Structures are given as C-alpha cells and as structure tokens.
Amino acid sequence: MIEPYQPEPGQEFPYRYTARLAGHLELGWQRAWKDAQAYRVANPGQAGFDSARPKFYCLDMFPYPSGAGLHVGHPEGYTATDIISRYKRMCGFNVLHPMGWDAFGLPAEQYAIQTGVHPAITTRAAIDNFRRQLQRFGFSYDWSREFGTIDEAYYRWTQWIFLRIYSAWYDDRAGRARPIAELVDMLEQGERRAEDDAASGGVAWKAMDAKQKRAFLDSKRLAYLGEQTVNWCPKLGTALANEEVIDGRSERGGYPVFRKPLKQWMFRITAYAERLLADLALVDWPESTRTMQAEWIGRSEGAEIDFPFVDGHFSPGQGTKLGVAGRSEAPSHASQAPLASLRVFTTRPDTIFGATFMVVAPEHRLVEHVLREKPKGMTDEAHARLREYVAAARNRSDVERQESKDKSGAALGIDVINPATGKRIPVWTADYVLIGYGHGAIMAVPAHDERDFAFAQANGLAIRDVVYPRHLAAMAFFAREAKPEQRVAERWAADLADFVGLVTSDNVAPGAFAEALETTRARRAAEGGGTAIPVDLRERGGSDATPGSVGERRGSTRIVWLDAIDDMKLHTFSDVENLFGNGGFQTHQGEAYAGQGYAVNSASAELSIDGMATEDAKQAVIRWLESSGKGKRVVNYRLRDWLFSRQRYWGEPFPLVFDSEGNHHAVSESALPVRLPELADYQPIESEDPKPLLAKATSWSRTTAAEAGVAPTPGLPALAPDAPVTRELNTMPGWAGSCWYYLRYCDPENRERFIGAEAERYWLGERGVDLYVGGAEHAVLHLLYARFWHKVLFDLGEVSSREPFAKLFHQGLITSMAFQRSDKSLVAIDEVDERPGEINADGTGAYVERATGQVVTQVIAKMSKSLKNVINPDDVIADFGADTFRLYEMAMGPLEASKPWNTRDIAGCFRFLQRLWRNLVDENTGLARVVEGQADDTTRRLLHRTIKGVRQDIESLGFNTAISKLIEFNNHLSKLEAVPSEVARMLIPLLSPFVPHLAEELWIRVFGPGGPFVAHMSYPEHREDVLVEAQIELPVQVQGKVRGRIVVPAAATPADVEAAALSDERVREWLAGKAVAKVIVIPKRMVNVVVKDA
RNA sequence: GGCCCCGUGGCGAAAUGGCAGACGCAGCGGACUUAAAAUCCGCUUCUCGGAAACGGGAGUGUGGGUUCGAGUCCCACCGGGGCCACCA
C-alpha cells in the first residue's frame, strides 16, 4: 500500500500539487503497478490470456545503454508509445509494449580499452541505470519481457538465425530463399543443373568432387565468405558495411575509411533488392524514409555491354588478391576466367556512338593484369605512370577521394572496339569509377556525361556529340512553327534567329533532327492532337491548363498556344525562359549535355538510331545488343551486399569453424550459443593486415569438430570428430541483435525456438508490429537490415508477415537553445545574462554575453556539453515530476517535428496540472471538491467534444493538440463552482494515458480507493447526440470577407441560410447598390455572397 | 550538385480549401496582499479612426496562378533544415 502523503508543516496549501507531492504519488503508483503487475500481458495459451481482445503491438526502438544515461530525446518517443499503449489497453486491446537493450557495440568496447573494465560490467551498469530512469517515467512496459542482446539466452538465437541464413540460398526461379538442402536434393535429382550456373565453372554436379561441390554450395549461400574491396577503418581496426560509412568516414567515431581487398562474411542482401524496394508499398512509413530506402537500393534500368579487346584475350593469372566486386556473385571461378572483352553497365545505351574511351576502377582486375604484364606498345614511361597512379589511388582515403573530385587517371595501354562504331578506343583507369557499382567499368561518353567530359578535357580525349538537346529542339520548333516575328517577344527574336542558323549548321545533323520532329508531330496527330502547351511570351506569369486559340486573351494575360513536341514539360513562361538560360540559350558546346534529346551522329551499317528520341533510341540499341550478342538489358542496383563481420570483440561470435583445409562449417543448433570468450585485454591489434581480436583467445578458438559440435553439410562428407578446427574469429556487427529483437519480445522465455509459432502468429500476424516509433537516423541502417532478416525468415517459413513493421513513425529531434555572437560563433548558456527591460524595437538586446557585454541572439542548437545546454531528465523530474515531463514533451509540438527545449515552457504544463488538481482536490485538506451530480449542458457538450477530439488526436499521434483540448476543457471547469461527478468520472480516465500517476491519484481521492486502476478502465467514448446544437452561428462573407454573422437552426436548409444571410443588416449594408451574382452556402460552415462585377 | 521537407505574432505552435493566430510561454493591466511570491480576472498580429463601444485597412518568406473563397492547391524565386552525393 502507498504511504499517505505527509504535507510539510507550516505550508499555506499543504495539498497543492507541487513537485514534492507529484514525486511522492508517482513513486507510490509505480510501486502499486509493479506489485500488481498491472502491465503484464499474457501470450496465447498462458494463464490470463483473453482471446476475445484484439492485439496491438506497440514498439520502441530499444536504446543502446550508454554510460551517460538517458537524454531528453529518449522519453519523447517512449512517452508517445506509452500514451498509445495505454490508450489501446483502455480501448480493450491486448497490448504488447516491451523494452530491452541493444547492448553489443563499439562504445562499450572503446571504453573497455581505456579502462580495462570488461564491457559486460560497464554495460550491465548502464542497463541498470537506464532501467531505473525509464521506470521513473511510469512507462507501461511489460518488464517481464525485458532482455538484452548480450544475454546468452538471446544471442544463441541470433546465432541460430545466422545459421538459417547461412544454410539458405536464393532461388531466382522461385523468387525466394530456400534451405540449401533443397538445392542439394534438386541437384542430386537432376531437377537443377549446376553447369547452367556460372559459379560451377560449367561442371555438372555429378562430375564434381567433394571440394568442387563444397565450393559450389558455398558460392550459393545467403551468407558467404567474399573477397572483395571493402571499407576498412584502421582506427577502429575493423571493416565496415557500406551503410556505416558516411562521407568517407566511419559512422561511429568519424574516422577515415580506406578501400581494401579483404575476405569477409557477406549477406546476399542484393538478392532481395527488388523485394525490399517493391514491398515499401506495403508499409505505412514516412514518405521520406521510404524514399531514402528506395534511393539506397538505387534501382536503375539500362544495359550491359561488352567491348571486345583489340588484342584478344587477357588472362588475369593466379595470385591476385583483387577480385571483381561482382555484386551477389561470390568471386570464384568467374574472377579467374580469361577476359575477352570489357563489360560495362550503362543507363544510356543510346549514347554508345559517343563512347570515345573506357574507364575502369583502379581496383579492377584488368588494372592488376596490366601492371603485371606491360601491354605491347605501351611505353615504359606510361607503365610507370600507371603504376604510380594506382598506388596513389589506393592510398587515398574515401574522404580524400571525395574532397578532390579532380579527374586524374592513367591510360592502360589497351584498346577495345566500340561495338557500335567499330572504332578502336583506349581504356583508362580513374578512381571516379567505383569498383563496387556495376562492373567497375564504364563506357565514357564525354559529350553527354559531366564526369566523362571533365576527364576527357583533362586528358585530351575525343568528344563526340550524339544527342541533340531537347531544349534546342524545342526552340527550333518555336522558330519554325510559331513565327517569332509575330508572336515571340522581341527580346527573344535575335536568339531565335541565331538558333535557326545553328540547326542548319553541320554539327547537329539538321536532316535527322527535322525528321525527328516530323515523326513526333505525325505520331501526335495520329494519337488525336496531343497536348497543347500554353506559353505567355509577353508577360510574366502566363499559365493555363486548358487549350485555347492562338493569341487568346485571358484576363490580363496574353496566351500564345502552340502544339507541343513530345513531353517538353513547358508550362509557364519561366520554363521557356529557362530553355534559353540567362544570356541567350545554351548549346552543348563547352559542357556536357546529359539530358534527353534526339540521337544524331549515330548510324553504322548495322545500326542506325539517328533522329530517335532518347527513350526510343535506348530501346533500339538494347534490341540490337541482344540480337547481336554484344550485350543485354539489365537492371542494376546501387545496394551492395552487406558486410557482416567485424574484427572487434564486443559482439556475437559466429557459430562457424574452419577445418584444416580452410573450409567453413556450421556449428550445430545443439551446440549454441557459441559463447564469447573472456579476453585479457581489449586493445585492438593494430595492423594493416587486420586480425580479429578473438585471435587472442587461442584456447577458445582451437578445438575439435566434436567439441565445437560441427554440423554436417548436406550432400558432403562429415568431418571426423577429432578433426582439428578453428573457430571463426570475427564477430557480428552491432546491427545483428537489433535485426530480430521485436520477434523475441513476443516470446522471450522460449527455450525451444527463437519465437513460438503461436506467439508469432498472434503478435505479428500478417502485418507485423502495429506501431514502431524511433529516430530517423535508422532510416536505412537498422530498418533495412531488419527488413532483410525478416524476409529471409519469411521465405524459410519462420514468420508469417512479409514486412516486420506495419507502421513506422519518427519522433523529431529535441534541440536546445544557445546564444550567437554577431560573428555567428556560439556562446554557452551559462555565459549569458538576460536583460528583459532592454529589448530593442527589433527584438535584440535581451541577451548579453557576461564577459564582453556584447549583445547576443538566442538561436536553436543541438544539445552539447560545450554549450552547457544538455538537459538531464532526472533533474527535470525532480523539479516538476514525471507527469509534467511527459506532458511537456508531448505538448511541445508535433511529434515528428524537431523542437527546441525551453525550460520556461514546462511551467505551463505544470500549472495546467496544478489547476486540474485544484479543480478536483481541495488544496488545504486534500479532500475531493467534486459534487455528486450531472453536468450542465454546456459543460457536458464540451466534455464530449473534448473526448471526441482527444481520441482522434491520439489515433493520429497528434498529442500536442490533444493536450490543448484537455487544457481548454480544464479552463472551462475552473469557471464552475464545483466539478460534477459525471465529469470527473470521464475526465480522469481521459487524462490517464498522458498523466497516468496523477489520474490514479485523482480517482482515489474523488471516488475512493479499492477499485481497479484507472489504467485498466475503459477509455471514455463521446455521445454524438450530446454534441448536437440547436442553433449555430455562421459567418457571412461578401466577396470573401467576413461582414456579418447569422444564427440559424442547425437543420436549416441552404435556401434558409441564404435568405437569413441576405437579410442580415450588416450584410445588407455591404450589399447596398450592388447586384448579387450568386450565394455560396457551405452547410454548417459559412456563407459567401458574390457580387457582380462593377 | 541532386532529391525531399519546412517558412504563420516577441517565442513554442493551432487551423478536413471556408471566421488565421486555438493552447502554452513571455509581456502588459487589474484583483487579493503591509509587501512580494503564489493564485485569480482581463488584454496582447500590425496599422488607421475613435475617449470608449466599435469600425476600416493590411497580414501566414517573395512574385505570380487556380478558385466564390488559398496559410492550405499549382509555378517560379528567396531563406532554413534533412538525406544522398563521381552510382555511369
């Protein structure tokens, strides 16, 4: 039981709602909820489970428990989900609202390096502190489901899921992942032919020896050991995933990242690229996040084209460490095969006639080959230059690469044949071509690509125009069709005259162009006229969407109508103006033209696309490539396979071992978890040739097949029990644990499975988590990775939803105040004095820097230690209590908006709760001030309107407006002599999701103890009939301005309302001497009287 | 550089295309008080007229457009923020 509150002696209002009283009652109710397990929710099949209730799974992004404790950003999202959870619970849902700890990761390990304290110890301490802080907020988590990703009982299942992914392959025909055992079966049965697969090197399954079979299967796995160029961070001593590199620096710590060929565990996430993209349509997520993911996946359509070498084949030979970063292809036989041609990806196959040279990435294996064997005809000097360039490029960090986008490079001394023109073109290498995208090689079309243009200029390479720009085509059309001397403003006439000259000059193939125009116009005519484009060439601002006649006048705007050529997107004067640029129109002379247009200079004996529009030209080239075997249509993705291994300590060990021949083997399920061994020290092994930290744990890593519990690979001979094996020494990245924690909450105690099937079906269902709230900083990283794991688990039949998170919401960043000097430098808040009396007319002068007396202005800044503007939640709770804290963070503004913390504003929320308390409780005696009885009609109507509005606002996560409505209602109550019990009975539960402690306390003070928790009551529902008003007041506008008000029966017909409006005295004054053109009546809204033009 | 989002009082912010500024902070005036704090009541976009009641005009970054009616929809520009950034 709660100890009764003991007021401090001598206080004027001993039972006023003060921070002390709030703190007392909050701790009391938290204890009462805990003792009663008020927020525990049962699973299907467990005692207390109510199958009649619908479910609601409301999830927070679990925190990384840092030593610094909670900051004010955490409770923002957590309060929002708590309000929703409490609301849904009171609406009769079984609510799953859990909390846990994302506890593996770099910061704890970095701290351990400094202090020598084991990360487990510091992490456990941080978790205890976080838990204490969160519980102080009164969040309604089911703490019985709490776990950390570092718990062995948890990470054994993280390892288990890894093994499921490792033991699966992606069946392109079926479009889903399947167990690799099924692949083996199909190969054995002859349902699939290994020799059809590039990874087999053309060898049939039956013809393979055990080693070949193993290599083939390993190359098909969804988790594979890939040797490729990765992001290597020497400072952190680990490789990083693509997503963890931001602006060439590590996401954690901001250290420079280099590219390095390394053998690492990769996840074949690229196999899911299309589904990860398409299924974004299934989820209710912020548009910005869906866009970010879509852009990260980066789908582009184009063609793969082979450019044959002039001097025949190149064999890369043995011993190279440089693999081609083939996406989704494990480098195996493929990278060793001789090269007959240079393969590129392009999104602009229509520009192939303009490809005047090739560029490959410095990491491309062709470069390695040339460095080893100088091509015929290449001078020693050129060879040395190449060697120098490649060495320099390798030593450049990604930051350096990005800082100078200079177009340096070196020739390889090799030529290829442009298959379209049949001409020899040289191959160069330059680091503006990225090894990780496409094939790490491009056909360079300098006339129509800015980067290629810059490179060609810097290195004196040929430039050939093959696209006639669309805007010039448009101008030609105007010149010919629109009779400029009549219809075009004078300032354009000279430009157009020049332009007409240009189209007839030799360099732009006028015949082909004219033909293209004719084709387009003929097609448009055949399609029934086409789109007319209105252009106002005389006055600014002309715009209209409906066709009219030439030279029509509409209002003050003169419109000139012209038939359009295809898809020019000219809608306004400004669009046309932009075509010309500012000082006359631009041509593609002097810069690359990367836009669309019409093909020119693009004909050979085999293929001619002259005059075709870009889209048509692309298709024509692809058709020709495919029919002649020189290339094919492909879809390419920016997304790369996910680098999953880290050379660090504080992470999940891989459940894998290597035999003496270097083959990897899975650890069987029964041998899980593979425990993280103790280490004597956590100092990274600094080296250019990276070694994982676990290499220090030699007695752990060296073991036997039997001891490690090695599982046999389907279709292959098992290892002997006493065979010596070495454990995988890498650990999993911090993302591993967060990829599936939302699943474990559903069934955290399960020892048999990672999640019980029944619990999974009940809590996740077909749409997954109902509401997921967390920061936008995870828009690609965690949210993409978790989707990938979920989809694999879905394919393997382990979960029933395609997507893990049905609805996602990002809470905004909470910022803080700081002060800015006139030179824009920032001043810490404790170095500034406020002078309220000295405000200037322009609002400045209120704040002065103490040291200098300089006037400073208040600005919004991120919270940072140096600005002394970090807010500690513990302090705020001590000053105002948790309910006020919760209320303030929700009242600050829209949940999704970034908002500045303003300590002064908290008092407003605190005063609201004080007034609320005072309306229901006598401040002197602590006894209820509520009178038994009914409310008056006005109060009742307001109550029900408030209930309706608050419910709607909660549903749409509009907590700030919900709180405003509650304040308004409370302000109304303040005017009453006493609050009727009818009101209190509904108001208190209505408040409960926002200020749960206060609601409980008010209830027992008003209605007495002994009943259920308010948190378990039904959420109030409004009655529509109460809201109906007999009379309503409507504003009456004349010409859109409010000129009067009328009171009419709510049921009045529009005709009645019109009559009332026109007979209103004020309205009649405004209408005096004017003829009414029409009257617009919007029922229950307003009336607008439109007067005829004078 | 590309894409996206946002510009409303002194401040945080409200407003299904329909009375702009709800609610809160700060400020001003009043009540209570010996006084202050606390509390309560009132005022508070700018501007013009008026002693006042009240009335007129302007007003949601700027310029245009659509509409009976625009903070809201469309176009362009300016400013701020976010994401991506040599992705062929």
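Model, not experiment: these values are computed from the prediction. Below, each value reflects all heavy atoms present in this structure, side chains not excepted, and no hydrogens, waters or symmetry copies. A, B, ... follow the sequence lines: proteins, then strands. Residue 1 opens every chain.
- Side chain of A/Arg1066 to backbone of A/Arg1043: a donor-acceptor contact under 3.5 angstrom is found.
- Remark: A/Glu977 CD is loosely packed, at most 12 non-hydrogen atoms of other residues, nucleotides or ligands lying under 6.0 Å away.
- When the P atom of B/C86 is taken as reference, atom CE of A/Met443 falls 20 Å away, rounded to whole Å.
- Legend: side-chain hydrogen bond (donor to acceptor under 3.5 Å, both in side chains) pairs involving residues 348-362 of chain A, not counting sequence neighbours, sorted by first then second residue: A/Arg348-A/Asp350.
- Remark: A/Arg638 is not in phosphate contact with B/C84, judged by side-chain N or O atoms under 4.0 Å from OP1 or OP2.
- When distances run from any side-chain atom of A/Trp1070 to the nucleotides B/C68, B/G56, B/U39, the shortest one goes to B/G56.
- When side chains are defined from C-beta on, A/Leu1027 counts as touching A/Lys948, because their heavy atoms get closer than 4.5 Å.
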TODO: Both distances under 3.5 Å, Watson-Crick or G-U wobble: on that basis, could you give the dot-bracket string for RNA chain B, with [ ] for crossing pairs and | for other-strand partners?
DONE: (((((((..(((.....[....))).(((((.......))))).(((((....)))))..(((((..]....))))))))))))....

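- Between A/His810 and A/Glu777, the side chains place no donor N or O within less than 3.5 Å of an acceptor N or O (distance only, hydrogens not considered).
- Atom pair A/Gln293:CD and B/C84:C1' shows a separation of 14 Å (rounding to whole Å applied).
- Within the 4.0 angstrom heavy-atom criterion, no nucleotide atom of any strand lies near A/Thr291.
- Contact annotation for A/Val433: base contact, defined as any heavy-atom pair under 4.0 Å involving a base atom.
- Of the charged side-chain nitrogens involved, none lies within less than 4.0 Å of a carboxylate oxygen, so that A/Arg638 and A/Glu295 do not count as a salt-bridged pair.
- A/Gln1039 has its CD atom 16 Å from the P atom of B/G56, to the nearest Å.
- Nucleic acid contact for A/Ser288: none, since no nucleic acid atom lies under 4.0 Å from a heavy atom of the residue.
- When atom types are taken as modelled, the side chain of A/Tyr432 and the backbone of A/Phe455 share no donor-acceptor pair closer than 3.5 angstrom.
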- [ ] Give the B/S/- string for nucleotides 12-24 of chain B, one per nucleotide from 5' to 3', where a protein heavy atom under 4.0 Å of the base yields B, of only the sugar-phosphate yields S, and otherwise -.
- [x] SSS-B-BB--BSS

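- A/Arg1043 comes within contact range of the sugar-phosphate backbone alone, with a heavy-atom separation under 4.0 Å but no base atom that close.
- Contact check for A/Asp452 versus A/Ile442: side-chain heavy atoms found under the 4.5 Å cut-off.
- Backbone-only engagement by A/Arg1066 is indicated by non-hydrogen atom pairs under 4.0 Å involving sugar-phosphate atoms exclusively.
- The residue A/Ser300 sits close only to the backbone: its heavy atoms come under 4.0 Å of sugar-phosphate atoms, none of a base.
- Regarding A/Asn970, its CG atom lies at a distance of 14 Å from the C1' atom of B/C40, rounded to whole Å.
- Listed for the A/Asn902 side chain is a donor-acceptor partner under 3.5 Å among the backbone atoms of A/Arg904.
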